[in-house]
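Chain identifiers are assigned alphabetically (A, B, ...) following the order of the sequence lines, protein sequences preceding nucleic acid strands; residue numbering begins at 1 within each chain.
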Amino acid sequence: MHAEVVDFIRRIVADDLSAKKNGDRVRTRFPPEPNGYLHIGHAKSICLNFGVAAENGGVCHLRYDDTNPSKEDVEYVESIQEDVRWLGYDWGDHLYFASDYFEQLYQFAIQLIQLGKAYVCDLSADEIREYRGTLTEPGRESPQRGRSIEESLDLFERMRAGEFEDGSRVLRAWIDMASPNINMRDPVLYRIQKTTHHRTHDAWCIYPMYDFAHCLSDSLEGITHSLCTLEFEDHRPLYDWVLDQLDVPCHPQQIEFARLNLSYTVLSKRILLQLVDGGHVSGWDDPRMPTISGLRRRGYTPQSIRDFCAAIGVAKRDSTVAIAQLEHSIREEMNRRAQRVMAVLRPLRVVIENYPEGQVEELEAVNNPEDASMGTRKVPFSRVLYIERDDFREDPPRKFFRLAPGREVRLRYGYFITCIDVVKDECSGEVTELRCRYDPATRGGNAPDGRKVKGTIHWVSAAHALEVEVRLYDHLFEQEDPAQITSAPDLRSSLNPSSLETLTDCRVEPSLADAEPGAQYQFERLGYFCADADSSPERLVFNRTVPLRDTWAKIQQRAAS
RNA sequence: UGGGGCGUCGCCAAGUGGUAAGGCAACGGGCUUUGGACCCGUCAUUCGCAGGUUCGAAUCCUGCCGCCCCAGCCA
């Protein structure tokens, strides 16, 4: 597209490379905790980590940060691999688990105790919090801070052996209870948790904390650049402290960047989990979810997500990207690739009075005007058709150039038709049918006399069309600012009641009969759609990925306001 | 309030002492058998604010102001 602008992380990596800081090595890692499904915010990190590695001839590891068994599950470890792979990234044989390092991590902890840099503390969780002090007051030292190395060693071994109850003791770093950085006030390194781990099962009842496990895992794997989000900036001194005390293979550089926020959406695993558990969505892959699996089901492609991540850049400033930016990325790709097809979402019956009863013509339609190699197809035309209700107005407003009484329009790839009569339901007054006449000379859509028509509308032949279900989506939340959603006392109250609209009486041209789940189309003049996982040959179901840009809607909106 | 970050167009984002890239959005116009796409054009005399240094400052200095993160035995 454009000469890429190098972000500050790529700049650092390039500088390190030319300074031979790590020789010619670049090694990154994507380190998810398997406690939920990946979302678009993770995609940003995945594209960054795998991208930086690939651009520099390095590798990127996939490592699970599975140090808290009470929140983690194999379902998540599997979905994460599927999603990363689907996005188009390959970790080769560099698949790791922090839990595979538990024994080494334990040995490092022993070393730290022997160095006098860690001790077993007997305070309760509440007491530790009290002793920690506040933002403005220093903390107080634990009564066990002066405990002998031998005693800590003995106690720590017995913690591992399961002699003590959950919460009764922890291993703490011996740093500085008066540090202005709260993370340095003798942080907890290990806690007792008698929970079965999804991989190590019951081999351990003590688990390392993030701050201890993460930096050491990075070092053990020879990571050169450890990229993480801004909230870990305060932890960097601790990351460095741990590695500085111990005899480790290398000392990776932690660099922080701003996490992604998207307007009208929430990227908090906690809230996404609430949406799933609370039944507000059909699951992690609900097409309204910002998860990778949700976007996939909605019809987003790996390419479009990668393009989006490239477009938003990487920086340190807190930012909220407009959802329109994401929509742009899928439209751009679909415009190039999607097969065009005609579909009517809200059918209005049209009878062409002067078209011979029983006659059917096969008209030629272009599959993709952006790509001639996609060829053409035949679409059946007959006396009774359906058009979109929105394409007819009994009393057309200014600038409306679709069908209206007495008006002539073009049926795409068909004929010019003129509306000569409107049939209404006697009771409701609702328009139930249009009576029209066609000009046989305009077959294919051109008038030999050079006559022009203002509007071209889509249609399907009533007798040949397939009856299908279409699901229209809108953002899940009403508020544009994600912070407002996250801080709302009640999640329910911020949900958009019209985030899903299911249309059960739609009609599509017969060429869609064999649409497989996942197949993507442009429904002409409407938007990009894909066959849903629920779709079957008996009952086709389509998701609207994103509507086409709609300048008519804009004109109407402006007129209304 | 202590510490750590960040403030460049409505939303992202380059720029790091030589006179404000680009994308999205928006708005005009052209073209059009998708009111789509495409094409052309408009869109920051100014970089949170105020001083200062300099021939020259978004970039350097000083002082304010605003926003985000940290007081889990979560990551």
Mate of B:U34 across any strand shown (Watson-Crick or G-U wobble, both atom pairs under 3.5 Å) is none
I'd like to know if A:Asn181 reaches the base of B:G4 with its side chain such that a donor and an acceptor end up less than 3.5 angstrom apart. no
Give one of base, sugar-phosphate or nothing for A:Tyr190, where a contact means two heavy atoms less than 4.0 Å apart.
nothing
*Using a heavy-atom cut-off of under 4.0 Å over every strand shown, decide if A:Asn68 touches base, sugar-phosphate, or nothing.*
sugar-phosphate
Sorted by position of nearest nucleotide on RNA chain B, 5' first, the leading residue of A:Phe232 and A:Thr442 is A:Thr442
Here the residues of residues 336-344 of chain A within 4.0 Å heavy-atom distance, strictly under, of RNA chain B are A:Arg340
Does A:Ser319 reach a base, just sugar-phosphate, or nothing at all? Heavy atoms under 4.0 Å. sugar-phosphate
Answer with base, sugar-phosphate or nothing: what part of the nucleic acid does A:Leu123 contact at a heavy-atom distance below 4.0 Å? base
Quiz item: At under 4.0 Å between heavy atoms, what does A:Thr67 touch on the DNA or RNA strands: base, sugar-phosphate, or nothing?
Solution: sugar-phosphate
Open item on the list: I want to check one thing: is the phosphate of B:G5, taken as OP1 and OP2, less than 4.0 Å away from some side-chain N or O of A:Arg236?
Closed with: no
Counting any heavy atom closer than 4.0 Å, what does A:Glu233 reach on the DNA or RNA strands: base, sugar-phosphate only, or nothing? sugar-phosphate
Q) Base, sugar-phosphate, or nothing for A:Arg410, non-hydrogen atoms under 4.0 angstrom? A) base
Worksheet entry | Per-pair stack call A:Tyr210 and B:A75, 5.5 Å, 30° | no
From the list A:Val350, A:Val460, A:Leu348, side-chain contact (heavy atoms from CB on, under 4.5 Å) partner of A:Tyr386 resolves to A:Val460
Please work out if A:Ala315 contacts a base, only the sugar-phosphate, or nothing of the nucleic acid, heavy-atom cut-off 4.0 Å. sugar-phosphate
- Pick base, sugar-phosphate or nothing for A:Ser70, based on heavy-atom distances below 4.0 Å to the nucleic acid. nothing
Across all chains, not counting sequence neighbours, the side chain to side chain donor-acceptor pair (under 3.5 Å) partners of A:Ser319 are none
The side-chain contact (heavy atoms from CB on, under 4.5 Å) partners of A:Thr418 (sequence neighbours excluded) come to A:Glu408
| Donor-acceptor contact below 3.5 Å, side chain A:Asn368 vs main chain A:Met374 | no
Which atoms of nucleotides 64-68 of chain B (N or O only) lie under 3.5 Å from a protein N or O atom, and what are those distances?
residue: B:C68; atom: O2'; partner: A:Asp318; partner atom: OD2; Å: 3.3

Could you pull out the protein-nucleic contacts involving nucleotides 28-32 of chain B (nitrogen or oxygen on both sides, under 3.5 Å)?
residue: B:G28; atom: OP1; partner: A:Arg558; partner atom: NH1; Å: 3.2

A:Arg402 meets the salt bridge (charged side-chain N to carboxylate O under 4.0 Å, His left out) criterion, sequence neighbours left out, with A:Asp391
Numerically ordered, the residues 161-177 of chain A set in heavy-atom contact under 4.0 Å with RNA chain B is A:Gly167, A:Val170
Pairing partner of B:C27, by Watson-Crick or G-U wobble and under 3.5 Å for both distances, is B:G41
What I want to check is whether the side chains of A:Glu221 and A:His61 have a donor and an acceptor closer together than 3.5 Å.
yes
- Query: When all nucleic acid strands are considered with a 4.0 Å heavy-atom cut-off, which category describes A:Lys269: base, sugar-phosphate, or nothing?
  - Reply: nothing
A:His214 meets the ring-ring contact (aromatic ring centres under 6.0 Å, His included) criterion, sequence neighbours left out, with A:Tyr210
Here the salt bridge (Lys or Arg N to Asp or Glu O under 4.0 Å) pairs for residues 179-200 of chain A, sequence neighbours left out, are A:Asp100-A:Arg199, A:Arg145-A:Asp186, A:Glu165-A:Lys194
Between A:Ala553 and A:Val188, whichever has its closest RNA chain B nucleotide further toward 5' is A:Ala553
Worksheet item: How would you label the contact of A:Pro237 with the nucleic acid (heavy atoms, under 4.0 Å): base, sugar-phosphate, or nothing?
Response: nothing
Atom CG of A:Asp481 and atom P of B:C11 are separated, to the nearest Å, by 11 Å
B:G72 glycosidic conformation (syn if within 90° of 0, otherwise anti) is syn
Checklist entry - Are A:Arg317 and B:C11 close enough that a side-chain N or O sits under 4.0 Å from OP1 or OP2? => result no
Applying side-chain contact (heavy atoms from CB on, under 4.5 Å) to A:Leu155 and not counting sequence neighbours gives A:Val120, A:Arg147, A:Glu151, A:Arg158, A:Phe164, A:Arg169
Check: A:Arg402 side chain, B:G35 base, donor-acceptor under 3.5 Å | yes
The reported gap from CG in A:Asp371 to CZ in A:Arg336 (rounded to nearest 0.5 angstrom) is 10.5 Å
Check: Any side-chain N or O of A:His458 under 4.0 Å from OP1/OP2 of B:U34?
Finding: no
Contact under 4.0 Å: A:Arg549 side-chain N or O vs B:A26 OP1/OP2 = yes
Decide yes or no, distance alone: a donor-acceptor N/O pair under 3.5 angstrom between the base of B:G36 and the side-chain of A:Glu370. yes
Checking all strands, does A:Ile555 fall into the base, sugar-phosphate, or nothing category for heavy-atom contacts under 4.0 angstrom? base
4.5 Å side-chain heavy-atom contact, A:Ser226 and A:Arg29: yes
*Over 60° means perpendicular and under 30° means parallel, so classify the ring planes of A:Phe97 and A:Tyr64, tilted if in between.*
parallel
Touch class at under 4.0 angstrom, heavy-atom based, for A:Asn446 against every strand present = base
Here the pair of heavy atoms bringing A:Tyr207 nearest to A:Thr67 is CB-O, 3.5 Å
So, do A:Arg410 and A:Ile457 sit near enough that their side-chain heavy atoms are less than 4.5 Å apart?
-> no
Query raised in the report: Got a donor-acceptor pair under 3.5 Å from the side chain of A:Glu524 to the base of B:G36?
Result: no
ask   = Would one find a side-chain N or O of A:Arg129 under 4.0 angstrom from OP1 or OP2 of B:G72?
value = yes
Residues at least two apart in sequence or cross-chain that pass side chain to side chain donor-acceptor pair (under 3.5 Å) with A:Ser45, listed by chain then number, are A:Asn49
Sorted by chain and residue number, the salt bridge (charged side-chain N to carboxylate O under 4.0 Å, His left out) partners of A:Asp65 (sequence neighbours excluded) come out as none
Which of B:A25, B:C11, B:U34 is nearest the side chain of A:His328? It is B:A25
Exercise for the section: For A:Asp65, answer base if it contacts any base atom (sugar-phosphate contacts may also be present), sugar-phosphate if it contacts only those atoms, and nothing otherwise; contact means non-hydrogen atoms under 4.0 Å. Expected result: sugar-phosphate
